[in-house]
Participant: 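Handing you a structure now.
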Number of protein chains: 2
Amino acid sequence: MNSPSSIKTVDRLVRILDCFTPAQPAWSLTELSTHLQLPKSTLHRFLVSLETYGILHRDLHDKRWRLGPRLFAWGSLAAESIDLRRIARPVMRDLVAATGETVILTAYYGQEVICIDKVETNHSVRMTLEVGTRRPPHAGASCKVLMAYLPGEEIRAIIRDKGLPRLCTNTITDPDELLTELGAIRERGYAHSLEETDLGAWGVATPIRDWRGEVVAAIGVAGPTSRLTDQLVQQYVALCRQAAQRISMLLGAGIGSRNEEQPQTKREASK
Amino acid sequence: MNSPSSIKTVDRLVRILDCFTPAQPAWSLTELSTHLQLPKSTLHRFLVSLETYGILHRDLHDKRWRLGPRLFAWGSLAAESIDLRRIARPVMRDLVAATGETVILTAYYGQEVICIDKVETNHSVRMTLEVGTRRPPHAGASCKVLMAYLPGEEIRAIIRDKGLPRLCTNTITDPDELLTELGAIRERGYAHSLEETDLGAWGVATPIRDWRGEVVAAIGVAGPTSRLTDQLVQQYVALCRQAAQRISMLLGAGIGSRNEEQPQTKREASK
DNA sequence: GAACAATGTTTCATTAATTGGAACATCAAT
DNA sequence: ATTGATGTTCCAATTAATGAAACATTGTTC
């Protein structure tokens with residue numbers, strides 16, 4: 001869950017803030033104290049300190065602690081740093097229109113896959129994944145495709161550190177089986193999944209590359225099994241791949257030797 | 001800018017993270033070091049520590065530091081705690097449709113006004129304010145209306161701590177003038193502004209109240225002066241007020257004596 | 001391509017800040 | 001009024017953060 005960093009106070013801070021999840025977004029002091037195995041006095045000092053800056057917020061109504069507006073502000077700013085979103089959004093909208101299913105944009109960070117953006121379909125029965133949600137990398141199409149293009153070292157680290165917990169009926173829990181699957185994904189250039197993360201859900205996903213050809217994100221289509229047929233899957237894979245390529249292109253991928261030849265050439269000719 | 005809290009490391013952390021703004025979203029170690037007057041070694045330890053958790057992110061391309069994905073994740077979660085957004089959104093959309101101008105939802109926190117949500121109009125010339133942006137409370141319709149309903153103590157504190165910096169031609173920079181204006185806003189029940197924050201921009205705003213009758217947010221309409229006429233302003237004020245009332249109603253306001261029976265003893269901070 | 005300059009990283013003795021047990025305060029329920 | 005639970009403050013012990021300086025890396029100039 002948490003590897004130690006160079007500043008212990010930061011470690012604690014992260015441990016505290018990470019307790020706030022969609023499942024439990026509000027905590028009382030005592031609850032947190034027992035959950036984190038931290039003395040109430042220490043925790044209390046942290047909470048009050050964090051409240052000073054609006055990082056946490058004590059609800060006047062139920063007297064519980066929640067994530068505060070400062071995090072909201074920082075988070076919004078962090079989102080702007082990801083200009084990938086701005087670039088990908090129109091393409092994602094097109095993909096939703098073409099497939100009639102929810103489209104998600106994901107990236108890998110720190111042994112987790114985070115949902116950067118989503119565009120939902122209008123179908124009343126639809127796949128939904130909240131923006132900002134983090135998931136383990138071994139289950140689901142978007143997760144697997146991102147994992148597939150990590151360095152082998154990193155893949156082994158994930159399996160070692162996080163294990164392969166079963167999230168749903170078809171989650172791959174055997175390391176060897178997963179490695180084989182990741183190899184297959186690299187070969188095919190896309191990943192698909194069926195009930196690996198949620199019952200009644202399927203997904204396909206393809207990698208997005210930056211100007212260096214590095215996989216920096218994934219775009220995925222996901223929906224309920226009720227609308228699933230084999231032909232559709234192949235169609236969706238093709239559309240998804242096109243979308244990924246369009247985004248990659250916008251990120252400067254495939255311009256060829258544009259950045260390969262530059263290093264020698266000095267632009268400072270006027271000097 | 002920063003009042004001391006009970007944990008110094010948290011103070012530093014906030015000071016560091018607050019350097020990342022829309023104006024300067026990326027910093028190098030040396031830049032930050034000189035800006036914050038912190039030794040490079042100390043700062044370096046912080047940055048590396050924060051990177052461990054994805055709170056900051058070192059861009060591989062330009063080697064600069066930016067806000068990281070974990071803040072994005074926490075921010076998204078913090079946004080969910082503000083269920084005001086979910087409630088207000090449909091009303092905001094209606095208001096955009098009725099006025100043809102951008103509508104913003106704002107709240108007061110820690111001597112600042114933060115933009116919680118926005119719905120933009122389709123006009124090519126339009127008012128835009130990014131979600132998550134923080135502004136001083138003394139200029140602009142939304143800001144002023146939120147300020148107007150703060151306790152007098154808090155209003156004085158803002159003027160004392162932050163001053164009244166001039167942001168645009170019509171910014172109110174005189175304390176007495178501002179207090180008079182805030183009184184007028186309370187009497188009228190809405191605020192309006194013309195070029196107080198941005199050249200060529202106007203705005204009107206009305207307060208949103210929760211089930212206790214407390215002002216918890218503001219809804220505002222804003223646009224370019226090119227589309228402004230006096231009749232329109234009055235029309236927009238009426239529409240804006242209706243919208244605020246609809247949202248307040250949805251928050252449980254005006255259900256009658258539900259919470260009115262509580263004695264009017266305000267829990268003044270008896271410190 | 002050697003020398004230089006600028007930026008980034010590590011080390012470690014000194015110093016200051018965090019810690020947490022325990023005492024105290026507040027609140028709700030009976 | 002009494003009890004129990006939750007929240008808040010205190011302070012001596014000890015740990016953890018500090019930052020000057022040495023070191024390493026990267027990029028630029030001649």
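Throughout, a chain's letter reflects where its sequence line sits, starting with A, and its residues are numbered from 1.
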Participant: Going by the angle between their ring planes, with limits at 30° and 60°, are B/His35 and B/Trp27 parallel, tilted or perpendicular?
Facilitator: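 The arrangement is tilted - the two ring planes meet at 30° to 60°.
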
Participant: For B/Lys8 and for B/Glu31, locate the closest nucleotide of DNA chain C by heavy-atom distance; then report the residue assigned to the nucleotide nearer the 5' terminus.
Facilitator: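 Going by which nucleotide is closer to the 5' end, it is B/Glu31.
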
Participant: Please state how far atom CG in B/Asp11 lies from atom C1' in D/dT18, giving the value in whole angstrom units.
Facilitator: 15 Å

Participant: For C/dT18, does either OP1 or OP2 sit under 4.0 Å from a side-chain N or O belonging to B/Thr9?
Facilitator: yes

Participant: Nearest nucleotide by nearest heavy atom, which residue falls closer to the 5' end of DNA chain C, A/Arg12 or A/Lys63?
Facilitator: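 Nearest-nucleotide comparison on DNA chain C picks A/Arg12.
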
Participant: How close or far is atom P of D/dA24 from atom NZ of B/Lys40, stated in whole angstroms?
Facilitator: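 Distance check: B/Lys40 NZ to D/dA24 P gives 15 Å.
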
Participant: Please work out if B/Arg58 contacts a base, only the sugar-phosphate, or nothing of the nucleic acid, heavy-atom cut-off 4.0 Å.
Facilitator: sugar-phosphate

Participant: Quickly work out the A/His44 NE2 to D/dT6 P distance and round it to whole Å.
Facilitator: 15 Å

Participant: Could you check which of C/dG21, D/dG7, C/dG8 has an atom nearest any side-chain atom of A/Pro39?
Facilitator: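 So the nucleotide nearest the side chain must be C/dG21.
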
Participant: Tell me: CG of B/Leu43 to P of D/dA17, nearest whole Å?
Facilitator: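 Interatomic distance, CG of B/Leu43 to P of D/dA17: 15 Å.
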
Participant: Does a nitrogen or oxygen in the side chain of A/Arg45 sit under 4.0 Å from OP1 or OP2 of C/dT19?
Facilitator: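 For C/dT19, OP1/OP2 do have a side-chain N/O of A/Arg45 under 4.0 Å.
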
Participant: How about A/Tyr53 and B/Asp18: does a side-chain donor come under 3.5 Å of a side-chain acceptor?
Facilitator: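 The criterion, which ignores hydrogens and geometry beyond distance, is not satisfied for B/Asp18 and A/Tyr53.
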
Participant: Mind calculating the distance between CG (B/Leu47) and P (D/dA17) to the nearest angstrom?
Facilitator: 15 Å

Participant: Indicate, with a heavy-atom threshold strictly under 4.0 Å, whether B/Thr42 touches base, sugar-phosphate, or nothing.
Facilitator: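 Since a base atom lies under 4.0 Å of B/Thr42, the category is base.
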
Participant: Do A/Ser41 and C/dG21 share a donor-acceptor pair, side chain to base, under 3.5 Å?
Facilitator: yes

Participant: Rounded off to whole Å, could you give me the CD1-to-P distance for the B/Ile7 and D/dT15 pair?
Facilitator: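 Rounding to the nearest Å, CD1 of B/Ile7 and P of D/dT15 are 18 Å apart.
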
Participant: Working to the nearest 0.5 Å, report the span between CD1 of A/Ile159 and CE of A/Met147.
Facilitator: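 So the CD1 of A/Ile159 and the CE of A/Met147 are separated by 5.0 Å.
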
Participant: Looking only at side-chain N and O atoms, does A/Tyr149 offer a donor or acceptor that is under 3.5 Å from a partner on A/Glu214?
Facilitator: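 Looking only at side-chain atoms, A/Tyr149 and A/Glu214 do not form any donor-acceptor pair under 3.5 Å.
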
Participant: Starting at atom CD of A/Glu51, determine the distance to atom C1' of D/dT8, rounded to an integer number of angstrom.
Facilitator: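 Atom CD in A/Glu51 sits about 13 Å away from atom C1' in D/dT8.
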
Participant: B/Arg15 has an atom CZ; how far is it from atom C1' of D/dT18, in whole Å?
Facilitator: 15 Å

Participant: If I take atom CZ from residue B/Arg85 and atom CG from residue B/Asp117, how far apart are they, to the nearest 0.5 angstrom?
Facilitator: 4.5 Å

